[in-house]
Every structure is written in C-alpha cells, then in structure tokens.
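Here the structure is a predicted model, which means the values were calculated and not measured.
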Amino acid sequence: MSVSCGPLGTSLTQEILRSLGLADKTAAWGTLGTLRTFLSFSVDKDVQRLLKAIAGQGVDCSTIVDVLTNRSREQRQLISRAFQERTKQDLLKSLQAALSGNLEKIVVALLQPAAQFDAQELRTALKTSGSAEDVALEILATRAAPRLQECLAVYKHDFQVEAEEDLRTETNGILQDLLLALSKGARESYSGVIDYNLEEQDVQALQQTGEPSAGQWVLLFTQRSPEHLIRVFDLYRRCTGQELEDAIRNCFHGDAQRALISLASMMRNTALYFANKLHQALQETEPNFRVLMRVLISRSESDLLSIRAEFKKKFGKSLYSSLQDAVGGDCRSALLALCRAEDI
C-alpha cells in the first residue's frame with residue numbers, strides 16, 4: 001500500500017505565533033503559559049507580604065492570591081523555603097490554617113512541587129470510583145517523561161506503594177494495559193524524519209479487528225510520537241474513508257473506547273483536548289472545581305494560552321468570561337488570575 005500524504009493543517013497555536021512573528025522563535029516567546037517567571041522577583045518582599053496577609057486582623061486573601069498566581073512554581077518553592085528560614089514556620093501549614101474551602105485547595109496545589117501535585121491527583125483518581133480513566137489518562141499521557149518519572153517516584157514515597165500496583169488493582173482490561181504502558185514513559189520523540197513505511201504499517205495494524213489486535217492499538221497509542229500518530233490518523237482516514245475515532249467506537253466499548261478516544265484527542269490537539277475538558281467542567285450543574293483547578297494549575301506554565309485560544313475558537317466565548325459567569329466563592333479570583341486575561 002502506498003498513499004501520498006498531503007500536508008497537515010496548521011494548528012491554531014502556530015497561527016497565533018505566526019501572526020505575532022514568533023512561529024519559529026520559541027526562545028523569544030519563551031512559553032505559551034499564562035504564568036511566567038516574575039522578573040522583579042524579591043523573595044524577601046514576598047515573604048513579608050504573605051506574613052502580613054495572614055498575621056493581621058482578618059486574612060488578606062487578595063494579597064495571597066496576587067503573590068502566588070504571579071510567581072512561577074520554582075519561585076513559589078523559593079518563597080516557601082525562605083518563609084520557613086525567616087519565621088521558623090511552614091508556609092503551607094500557615095496558609096492552610098488561615099484559609100478554607102476551595103481557595104485553600106488552590107493555594108495548597110500552588111505551593112506543592114509539580115510532581116507531588118500530580119501524584120496526589122493520580123492517587124485520588126485511582127481510589128475514586130469512576131475517575132481513574134479520565135484523570136489517570138490525562139496525567140500519564142500529557143506529562144513529559146522526566147516529570148512523569150518524578151511523579152511516580154513521589155507517588156511511591158508518599159503512599160508507600162508503586163503506582164503500577166495501584167493501576168493493576170484499580171483498573172482492568174485494555175484500560176489497564178493503556179495506563180500501565182503510559183506509566184513507562186516510553187513514547188518516542190519525534191526525530192523530524194517522516195517514516196512513510198511505518199505509517200503504512202501502523203494503518204494496516206489499526207485496520208485489524210478483534211481481541212488479538214488490541215495489543216497493537218495499545219502499543220501505537222502509548223509509544224508512537226504525537227507527530228507520527230497525527231499522520232497515521234490522516235492516512236487512516238484517506239485509506240478507509242472514516243475517522244479513526246469512528247473505528248474505535250465500532251471496535252471497542254466501555255472504558256477502552258473512552259480511553260482510546262481520549263488519547264486520540266490528546267494526540268491530535270492537546271490544547272483542544274484541555275479546552276473541551278474545561279468547557280465540560282463548566283457546564284456541570286455545579287462547576288467541577290477539581291478539574292478546573294487541576295487543568296489551570298498544571299497547564300499555567302506550559303500551554304494555557306493555547307488552551308484559551310482553542311476554547312474561544314470552538315465555543316465562541318472566552319475561557320475568562322466563562323469562569324467569571326460560572327464560578328463563585330473565594331476561589332474565583334484565583335482561577336481568573338491563573339487564566340490571566342480576557343480573549344477579545
């Protein structure tokens with residue numbers, strides 16, 4: 001089989017960067033996150049501001065939010081250590097004592113190292129019925145290999161059990177196979193060289209049906225690079241006349257179907273995947289705070305600008321306005337600060 005593959009569509013992110021003259025200047029742009037290193041950072045000033053915010057009459061929540069949502073995670077860790085050295089108090093415990101509700105949860109998440117935050121979210125997902133498929137897939141499939149391995153090491157340290165053991169205990173079938181394979185962090189890096197022969201082999205493998213083919217689906221979805229998979233998905237559509245997601249719906253059911261469709265979505269467009277997840281969380285009767293918090297915090301230093309752009313493009317309303325309209329309470333200002341700004 002030999003099929004000529006046309007050029008893939010330009011991503012929305014690339015369109016934005018090109019309009020800014022930065023499409024090929026990652027170093028100049030630096031990050032597509034909304035939260036960046038604070039250039040006028042003074043650890044001493046921040047310690048004093050936080051100490052004053054929790055030591056005076058009444059807790060100054062706006063100051064706490066302002067400091068923690070305008071510093072990178074690395075800078076927040078420096079603040080935490082300096083607070084301990086200067087006051088002999090633990091900043092996290094001090095803030096937990098001063099705050100409550102969802103704002104407390106956000107502050108705790110902001111002060112944790114990224115790997116610890118991911119490990120706790122993964123543990124909660126695996127031990128909470130119905131959420132393992134969604135949250136575990138999100139964490140295991142979208143974190144870079146070094147961060148994933150650090151997360152799994154923290155998981156073992158904090159919970160005295162290997163994440164792999166919990167994955168085996170709490171999941172089964174193809175979903176379990178997918179999660180275990182993803183936990184190895186063995187996804188290939190894109191070399192920049194297009195392997196047309198491998199694309200054709202992979203499409204042929206995906207056209208196989210029945211239980212024996214499931215292992216091949218797991219291998220492709222957990223080991224091939226996103227760039228390669230996008231080309232495979234495109235070639236599959238041209239060869240079969242249907243999108244791969246339609247084939248998944250025909251061949252798989254239940255957890256396996258949902259997991260494979262989610263992975264296909266992540267590989268096609270990670271920012272759009274998270275935009276859809278945020279929109280769904282905002283559409284619930286009560287906004288799903290845990291999803292909003294996890295996505296906004298975990299993506300704030302990497303690609304939240306891209307997620308915002310995809311959200312506005314698909315739903316016709318900005319993420320910032322959607323949060324303003326749907327979220328109330330003391331955590332609203334923190335979530336809006338992480339989102340950062342309106343998209344006109």
Side-chain angles (χ1 to χ4, degrees), residues 8-23 29-36 61-62 65-66 68-70 101-103 105-107 109-110 117 121 130-131 133-135 137-139 141-142 226 230 243 245 258 261-344:
L8 298 175
T10 303
S11 72
L12 179 60
T13 299
Q14 285 301 110
E15 292 176 14
I16 295 170
L17 292 180
R18 187 167 290 111
S19 71
L20 295 171
L22 295 170
W29 181 251
T31 174
L32 284 171
T34 57
L35 198 161
R36 305 171 189 179
C61 295
S62 62
V65 169
D66 181 60
L68 298 183
T69 60
N70 282 287
N102 288 334
L103 180 57
K105 294 175 184 175
I106 291 179
V107 166
L110 286 169
F117 176 62
E121 288 293 295
S131 64
E133 163 210 326
D134 183 43
V135 181
L137 270 175
E138 175 192 319
I139 292 173
T142 66
I230 289 171
E243 297 291 351
E245 288 84 349
R258 289 187 292 272
I261 289 176
S262 290
L263 282 171
S265 176
M266 292 178 204
M267 297 304 106
R268 284 187 187 278
N269 187 333
T270 303
L272 179 58
Y273 164 80
F274 280 113
N276 285 326
K277 176 165 279 197
L278 288 169
H279 185 261
Q280 183 179 354
L282 287 166
Q283 294 305 301
E284 296 184 18
T285 305
E286 287 290 330
N288 190 323
F289 167 77
R290 194 168 195 105
V291 171
L292 297 174
M293 178 185 73
R294 184 179 64 253
V295 174
L296 290 175
I297 291 177
S298 67
R299 312 308 295 187
S300 63
E301 293 186 50
S302 57
D303 60 355
L304 191 48
L305 285 176
S306 300
I307 294 169
R308 277 173 32 185
E310 295 288 0
F311 191 101
K312 178 71 180 291
K313 181 180 180 180
K314 180 169 183 178
F315 303 111
K317 183 177 181 179
S318 73
L319 176 58
Y320 193 90
S321 291
S322 299
L323 288 166
Q324 275 186 317
D325 293 344
V327 179
D330 55 3
C331 69
R332 185 168 180 257
S333 62
L335 294 179
L336 289 173
L338 290 167
C339 183
R340 190 59 73 205
E342 181 66 88
D343 295 302
I344 306 301

Please output the side-chain donor-acceptor pairs of residues 326-340 that fall under 3.5 Å, not counting sequence neighbours, one pair per line with the distance.
| from | atom 1 | to | atom 2 | distance (Å) |
| --- | --- | --- | --- | --- |
| Arg332 | NE | Gln324 | O | 3.2 |
| Arg332 | NE | Val327 | O | 3.1 |
| Arg332 | NH2 | Gln324 | O | 3.0 |
| Arg340 | NE | Thr34 | O | 3.2 |
| Arg340 | NH1 | Asn70 | OD1 | 3.3 |
| Arg340 | NH1 | Ala337 | O | 3.2 |
| Arg340 | NH2 | Thr69 | O | 2.7 |

- For Leu35 and Glu301, work out which heavy atoms get closest and say how close. O-CG, 3.4 Å
- Task: Start with the C-alpha gap between Val135 and Arg290, add the side-chain angles, then the distance that decides, and say whether side-chain contact (heavy atoms from CB on, under 4.5 Å) holds.
- Result: CA-CA 11 Å; Val135 181; Arg290 194 168 195 105; over 6 Å; no
- Query: What do the steps show when you test Leu319 against Leu282 for side-chain contact (heavy atoms from CB on, under 4.5 Å), and what is the final call?
  - Reply: CA-CA 10 Å; Leu319 176 58; Leu282 287 166; 4.2 Å; yes
- Note on the structure: Correct closest heavy-atom pair for Ala109 and Phe117 would be CB-CE1, 3.5 Å
- Distance col, row Glu342:CD vs Arg308:CZ, nearest 0.5 angstrom, shows 8.5 Å
- Query: Going by an N to O cut-off under 4.0 Å, is there a salt bridge joining Arg268 and Glu245?
  - Reply: yes
- Task: Give, for atom CG of Leu278 and atom CG of Leu323, the distance between the pair rounded to the nearest 0.5 Å.
- Result: 7.5 Å
- Message: I want to check something: taking the side chain as every heavy atom from C-beta on, are Lys277 and Asp134 in contact at a cut-off of under 4.5 Å?
- Response: yes
- Message: Run the side-chain contact (heavy atoms from CB on, under 4.5 Å) test on Leu32 and Leu304 for me, step by step, so that the C-alpha distance in whole Å, both residues' side-chain angles and the decisive distance to 0.1 Å come before the verdict.
- Response: CA-CA 6 Å; Leu32 284 171; Leu304 191 48; over 6 Å; no
- Query: Hey, is the main chain of Met266 close enough, under 3.5 Å, to the side chain of Thr270 for a donor-acceptor pair?
  - Reply: yes
- Take Ile139 and Glu121 through the test side-chain contact (heavy atoms from CB on, under 4.5 Å) and record every step on the way to the result. CA-CA 8 Å; Ile139 292 173; Glu121 288 293 295; 3.8 Å; yes
- Query: When you look at Ser262 and Ser265, which way does the side chain to side chain donor-acceptor pair (under 3.5 Å) test go after all the steps?
  - Reply: CA-CA 5 Å; Ser262 290; Ser265 176; over 6 Å; no
- Nearest-0.5 Å distance, CZ of residue Phe274 to CG of residue Asp303: 7.0 Å
- In short, ring-ring contact (aromatic ring centres under 6.0 Å, His included) pairs touching residues 314-342 with sequence neighbours left out are His279-Phe315, Phe311-Phe315
- Message: Just verifying a value: how many Å separate Phe289 CZ and Leu103 CG, rounded to the nearest 0.5 Å?
- Response: 8.0 Å
- Item | Within 6.0 angstrom of Gln283 CD, more than 12 heavy atoms from elsewhere | yes
- Message: Working to the nearest 0.5 angstrom, can you tell me the gap between Asn269 CG and Glu310 CD?
- Response: 4.5 Å
- Query: Looking only at atom types and distance, does a side-chain atom of Asn276 sit under 3.5 Å from a main-chain N or O of Leu272, one as donor and one as acceptor?
  - Reply: yes
- Could I get the full list of side chain to side chain donor-acceptor pair (under 3.5 Å) partners for Arg258, not counting sequence neighbours? Glu133, Asp255
- Rounded to the nearest 0.5 Å, the CD atom of Glu138 sits from the CG atom of Leu263 at a distance of 11.5 Å
- Message: Less than 4.0 angstrom from a charged side-chain N to a carboxylate O is my criterion; do Asp343 and Lys312 meet it?
- Response: no
